[in-house]
S.K.: 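Before we start, here is the structure in question, set down as structure tokens.
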Amino acid sequence: MEESKTTSLRFLSVTILNILITFFELLGGIVSGSLSLISDAFHNFGDTFSIVLSYLANRLGNKKATPKNSYGYRRAEIISALFNSILLILISLFLLIEGISRIQHPENVKSGLMFWVAVISFFANLIAALLLHTGAHNNLNIKATYLHLLSDSLASIGVIIGSILIYFFNLTWIDPSITILVSLYIAYESLPIIKQTFSILMEGSPDINIEKVREDLLCIPEIKDVHHFHSWSINENELIASVHVNLPNLSLSEIEKVYSKIEQILKKKYNISHITIQAECTRGLKKAMCLSAEDENDIDLKLNK
């Protein structure tokens, strides 16, 4: 609960800081005539929207489970992370197109003012990114927001370097070239998050060796066979699984002891937090570890024929 309050406070601080950066860069871009700063201001404005969305998703994700949402609201943060990452890709495309356009049509700017606005924006973005750095390791939603802020810092570095080169060497093509590199970096960092969040939302199986799971469970003396093993993720930290096991005709109290052994193996060795187990005598014996309902129906129809 204390960690949730800390995260919420950080999101709020970062949101306020990012709004101030947006207006500061927009004003600086207009006064200096720097299209680079104006574009970066709009970039920050998009990030502010994403931060607010992440904050709301974080609050929703920490709500307690209800009878209607028995697994809670953790998926809200995954949806937010996916949306944020897609927005990052769109921003990177915008920066890429803008960078190419500026190479073709360079413009004169007040490089001195451009430099100081970019320096202040860089430090402000860096402070905002550091506020979320800790939570970015184990939360995709916070990581997506952290990457937003980190990309802002890198964009500011590009503007700083560009303003220096423009001031001393009048190399106007440097600024758009750095913008293009930054856009490619943003896309490179965002694509893995999109892949991971999409896999979670599609309830793709986590990286678990199901044959190894089968071997481990068959080491329990009472288990004759294992089938219908399914695993999926609620978010990047919580794994859920269900499994059918064939047992002798045991009493309920004896079956519960077997269940405890199964849970101990799956929780300790495979980090599965919630396990549903179905005990059977001969039903499903020798069936595949992973079998969909459609496959099972097809097999049953063939057997009945």
Side-chain angles (χ1 to χ4, degrees), residues 61 65 69-82 85 135-144 147 188-250 254-300 302-303:
N69 295 89
S70 57
Y71 285 122
Y73 296 85
R74 292 292 184 183
R75 284 279 171 91
E77 292 196 272
I78 299 300
I79 294 169
S80 174
L82 177 62
S85 298
H137 295 295
N138 54 12
N139 187 304
L140 281 178
N141 180 41
I142 296 177
K143 184 177 182 180
L147 286 175
Y188 174 78
E189 289 291 327
S190 301
L191 287 173
I193 295 179
I194 291 176
K195 182 180 177 182
Q196 188 176 356
T197 53
F198 188 74
S199 175
I200 291 172
L201 292 173
M202 290 298 293
E203 298 195 346
S205 296
D207 188 19
I208 293 177
N209 187 330
I210 60 172
E211 289 305 319
K212 185 62 180 172
V213 171
R214 179 188 175 87
E215 290 176 12
D216 289 338
L217 295 185
L218 286 175
C219 289
I220 300 172
E222 294 88 350
I223 296 179
K224 295 188 291 182
D225 196 23
V226 181
H227 58 278
H228 280 7
F229 178 82
H230 297 282
S231 59
W232 63 99
S233 305
I234 292 296
N235 56 29
E236 70 273 26
N237 298 315
E238 296 180 59
L239 299 183
I240 291 175
S242 65
V243 64
H244 293 205
V245 291
N246 294 106
L247 303 173
N249 192 12
L250 304 173
E254 292 174 311
I255 291 174
E256 283 185 349
K257 292 177 183 178
V258 177
Y259 279 7
S260 295
K261 294 177 183 178
I262 294 171
E263 288 172 351
Q264 190 174 16
I265 290 172
L266 295 182
K267 284 182 178 180
K268 287 189 175 180
K269 193 166 185 178
Y270 299 96
N271 200 31
I272 297 172
S273 57
H274 183 83
I275 303 145
T276 302
I277 308 166
Q278 181 171 318
E280 299 166 332
C281 286
T282 58
R283 184 172 178 268
L285 193 66
K286 302 302 179 185
K287 283 190 175 180
M289 273 290 278
C290 288
L291 197 65
S292 67
E294 291 80 4
D295 293 335
E296 187 176 0
N297 289 335
D298 289 343
I299 291 172
D300 291 338
K302 289 177 183 177
L303 289 174

S.K.: Which heavy atom in Ser233 sits nearest to a heavy atom in Pro206, and how many Å separate them?
M.R.: OG-CB, 4.3 Å

S.K.: Look at atom CG of Asn249 and say whether more than 12 heavy atoms of other residues, nucleotides or ligands are closer to it than 6.0 Å.
M.R.: no

S.K.: Using side chain to side chain donor-acceptor pair (under 3.5 Å) as the criterion, list what pairs up with Glu280, not counting sequence neighbours.
M.R.: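 With sequence neighbours excluded, Glu280 shows a side chain to side chain donor-acceptor pair (under 3.5 Å) to His227, His244, Gln278, Arg283, given in chain and number order.
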
S.K.: Is there a donor-acceptor pair closer than 3.5 Å between any side-chain N or O of Ser273 and the backbone N or O of Leu239?
M.R.: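 Yes; at least one donor-acceptor contact below 3.5 Å.
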
S.K.: Which value, rounded to the nearest 0.5 Å, describes the distance between Ile262 atom CD1 and Ile220 atom CD1?
M.R.: 5.0 Å

S.K.: I want to check something: taking the side chain as every heavy atom from C-beta on, are Glu222 and Val245 in contact at a cut-off of under 4.5 Å?
M.R.: no

S.K.: Looking at CD of Glu238 and CG of Asn271, how far apart are the two atoms once the value is rounded to the nearest 0.5 Å?
M.R.: 10.0 Å

S.K.: Just jot down the salt bridge (Lys or Arg N to Asp or Glu O under 4.0 Å) partners of Lys257, sequence neighbours excluded, or say none.
M.R.: none

S.K.: Report the C-alpha separation of Ile272 and Ile240 in whole Å, then their side-chain angles, then the decisive distance to 0.1 Å, and conclude whether the side-chain contact (heavy atoms from CB on, under 4.5 Å) test is met.
M.R.: CA-CA 6 Å; Ile272 297 172; Ile240 291 175; 5.6 Å; no

S.K.: Find the distance between CZ (Phe198) and NZ (Lys195) and round it off to the nearest 0.5 Å.
M.R.: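 Separation between the atoms: 12.0 Å.
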
S.K.: Considering only heavy atoms from C-beta outward, does the side chain of Ile194 approach that of Leu82 to under 4.5 Å?
M.R.: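 Side chain of Ile194 against side chain of Leu82, heavy atoms only: contact under 4.5 Å found.
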
S.K.: Less than 4.5 Å apart, side chain to side chain, heavy atoms only: is that true for Asp216 and Tyr270?
M.R.: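 Yes, side chains in contact.
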
S.K.: What are the two closest heavy atoms between Leu217 and Ile223, and how far apart are they?
M.R.: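 Distance-wise, the nearest heavy atoms are O-CD1, 3.4 Å.
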
S.K.: Looking at CD of Glu256 and CD1 of Ile277, how far apart are the two atoms once the value is rounded to the nearest 0.5 Å?
M.R.: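 If we round to the nearest 0.5 Å, Glu256:CD and Ile277:CD1 are 10.5 Å apart.
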
S.K.: If you define the side chain from C-beta out and look only at heavy atoms, does anything of Asp225 sit under 4.5 Å from Arg214?
M.R.: yes

S.K.: Measuring from His274:NE2 to Lys267:NZ, what's the distance to the nearest 0.5 Å?
M.R.: 9.0 Å

